[in-house]
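Naming convention: chains lettered A, B, ... in sequence-line order (proteins, then strands); numbering from 1 in each chain.
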There are 2 protein chains.
Amino acid sequence: MLAQQRQAAILDRVRAAGGVRVTELAAEFSVSDMTIRRDLEALADRGLLAKVHGGATTVSPGSAHEPGFTAKSVRERGEKAAIAMRAAALVSPGDAIALSAGTTTAELAQRLVDVPALTVVTNSIPVADVFYRAGRADQTVVLTGGTRTPSDALVGPVAVAAIGALHLDMLFLGVHGMSERAGYTTPNLMEADVNRALVEAAERLVVLADHTKWGTVGISSIVPLARAHVLITDDGLDGAARELLSETVPELVVVNPQ
Amino acid sequence: MLAQQRQAAILDRVRAAGGVRVTELAAEFSVSDMTIRRDLEALADRGLLAKVHGGATTVSPGSAHEPGFTAKSVRERGEKAAIAMRAAALVSPGDAIALSAGTTTAELAQRLVDVPALTVVTNSIPVADVFYRAGRADQTVVLTGGTRTPSDALVGPVAVAAIGALHLDMLFLGVHGMSERAGYTTPNLMEADVNRALVEAAERLVVLADHTKWGTVGISSIVPLARAHVLITDDGLDGAARELLSETVPELVVVNPQ
DNA sequence: GCGGTACTGTTCGAGTGTGTTCGAATTAGT
DNA sequence: ACTAATTCGAACACACTCGAACAGTACCGC
């Protein structure tokens, strides 16, 4: 494989998943850690991604509000991966599902590309990209319309209207915060609108939220905690929160990242 | 084997695999590395691939197979540029316009990123990308929803419905073929639907078509020739066609590339 | 025959990419 | 707060790749 191709592939992965680890990439491409570091450095020099300890993340251009991909997000990748893995188990061949925008759902998308006859609706360009690149003829990917946010989500009345005409088996919703009072929240008003439309369009709501989301409150509420049918989180969640959630959400799934 | 044939074969391989190594090709065609390098250089000079250390890759890894992107199309690049330049002159600050999918409209998009307060509706991910990368706060870019075609256009009922709710000053429509009998055509049934919806949503229709489109008939008609308010083409168009078009289309603009 | 042109192969010094080692820096665990 | 485990980047060695220059071959028109 050419160095150039490897770098392009790395960039794709960063864009799709929000972050990558050096060791992961080294194993995947069968090269040394040093080579991956040099690739990341080259890409970072061109401003295409941001190097952080342990790997790299997408460069978040001036989006101070969006709790963007900092070094932290690379560390949390293990948790997100575990959550995504568990969520993927809920999907069966032939299902029609929706995926919201977010790094966790992008991670989930990568684990769903092999599910036969899947229909996927999403407002996230990176998520749509994951399926598109897989190029399976038996899968249908519908991108909602709308205007683009800094995090590559499509929002606005066009997106809401497009979703309103659809009906789906299941929605996998990635959120930026969850709390007892505010429910599931996001830092973007328009994105909350779209997410609410997705919730309405889906039979079942599966929320994906690692433990760091607990206590975080974004400016805009999507739906109350109890509206989710399933909440998948990780075991970093403290006991009190776990108890509260297990009483509020019909099905609370706590995964153990390794 | 002729050098020409070898270069064509190399191009095929690059397109199919996304990238090739010099040493691989040298072994396959039983020629020296130097010869392969010279082939790659010749192809790169024509913009058909990108040379990288160790081999070559497709010029834009990610954007899929452009139809008939042969050596000929390089000459057409100047024509497309001239057409796009002329089309850009029709746009004023504050306009709300639509751009269909296609290479010519993508070219036009690049010339519109500096127009203040522009609102752009498009079903082409690459076109949306052009504006998004420019990142002007005073411009609004709306991507229609839908499923993705191999040429990165969004099509289907979702796209048609999204467009149905919008009203625009002007549509710039790139077509794959035009003929007296079939009108403006495209090779993709679903894309024709979307294009027709765009035509309905726009006050004025500006068709962009270089002279090679004349006589080409795609499987699906969009609208008759006379439906366009303006047709912009280049001076490679033969006299008979030019006469016919000038009698059919309200305004025929023939640009001169260079 | 001759000269011209296009294509190819060889040689060689410079450039580029990769893996390894190792000490410093950062992070995780208790 | 301290220690153990990762991770980082600089430096080096090695292999591969590059392009320029030169030389050889084949084909063409005259």
How many Å lie between [atom1] on [X] and [atom2] on [N], as a whole number?
{"X": "B:Phe29", "N": "C:dC7", "atom1": "CZ", "atom2": "C1'", "value": "16 Å"}
{"X": "B:Asp33", "N": "C:dT8", "atom1": "CG", "atom2": "P", "value": "14 Å"}
{"X": "B:Arg21", "N": "D:dC16", "atom1": "CZ", "atom2": "P", "value": "11 Å"}
{"X": "B:Glu41", "N": "C:dA6", "atom1": "CD", "atom2": "P", "value": "16 Å"}
{"X": "B:Gln5", "N": "C:dC7", "atom1": "CD", "atom2": "P", "value": "13 Å"}
{"X": "B:Gln4", "N": "C:dC7", "atom1": "CD", "atom2": "C1'", "value": "12 Å"}
{"X": "A:Leu25", "N": "D:dT7", "atom1": "CG", "atom2": "P", "value": "12 Å"}
{"X": "A:Met34", "N": "C:dT16", "atom1": "CE", "atom2": "P", "value": "17 Å"}

Residue [X], side-chain heavy atoms: nucleotide from [options] that is nearest:
{"X": "A:Ser32", "options": "C:dG19, C:dT26, D:dT17", "answer": "C:dG19"}
{"X": "B:Ala3", "options": "D:dC18, C:dT8, D:dC8", "answer": "C:dT8"}
{"X": "B:Val22", "options": "D:dC18, C:dG19, C:dT10", "answer": "D:dC18"}

Return yes if the base of C:dG19 and the side-chain atoms of A:Arg38 contain a donor-acceptor N/O pair under 3.5 Å, otherwise no.
yes

Indicate whether OP1 or OP2 belonging to [N] is found under 4.0 Å from a side-chain N or O atom of [X].
{"X": "A:Arg6", "N": "C:dT18", "result": "yes"}
{"X": "B:Arg37", "N": "C:dT8", "result": "no"}
{"X": "A:Lys51", "N": "D:dC8", "result": "no"}
{"X": "B:Thr35", "N": "C:dG9", "result": "yes"}

Heavy-atom side-chain proximity of [X] to [Y] below 4.5 angstrom:
{"X": "A:Thr185", "Y": "A:Met178", "result": "no"}
{"X": "B:Asp235", "Y": "B:Val255", "result": "no"}
{"X": "B:Val31", "Y": "B:Arg6", "result": "yes"}

A:Glu41 vs A:Arg37, test: salt bridge (charged side-chain N to carboxylate O under 4.0 Å, His left out). Steps then yes/no.
CA-CA 6 Å; A:Glu41 197 177 352; A:Arg37 277 194 209 100; over 6 Å; no

When you check the gap from the basic side-chain N to the acidic O, do A:Asp238 and A:Arg242 get nearer than 4.0 Å?
no

Between B:Arg38 and B:Asp33, does any NZ, NE, NH1 or NH2 come within less than 4.0 Å of an OD or OE carboxylate oxygen?
no

Under 3.5 Å, is there a donor on one side chain and an acceptor on the other for A:Thr186 and A:Asn188?
no

What stems show up for DNA chain C when you take Watson-Crick pairs (N1-N3 plus N6-O4 or O6-N4) and G-U wobbles (N1-O2, O6-N3), both under 3.5 Å, and require three or more consecutive pairs?
C:1-30 with D:1-30

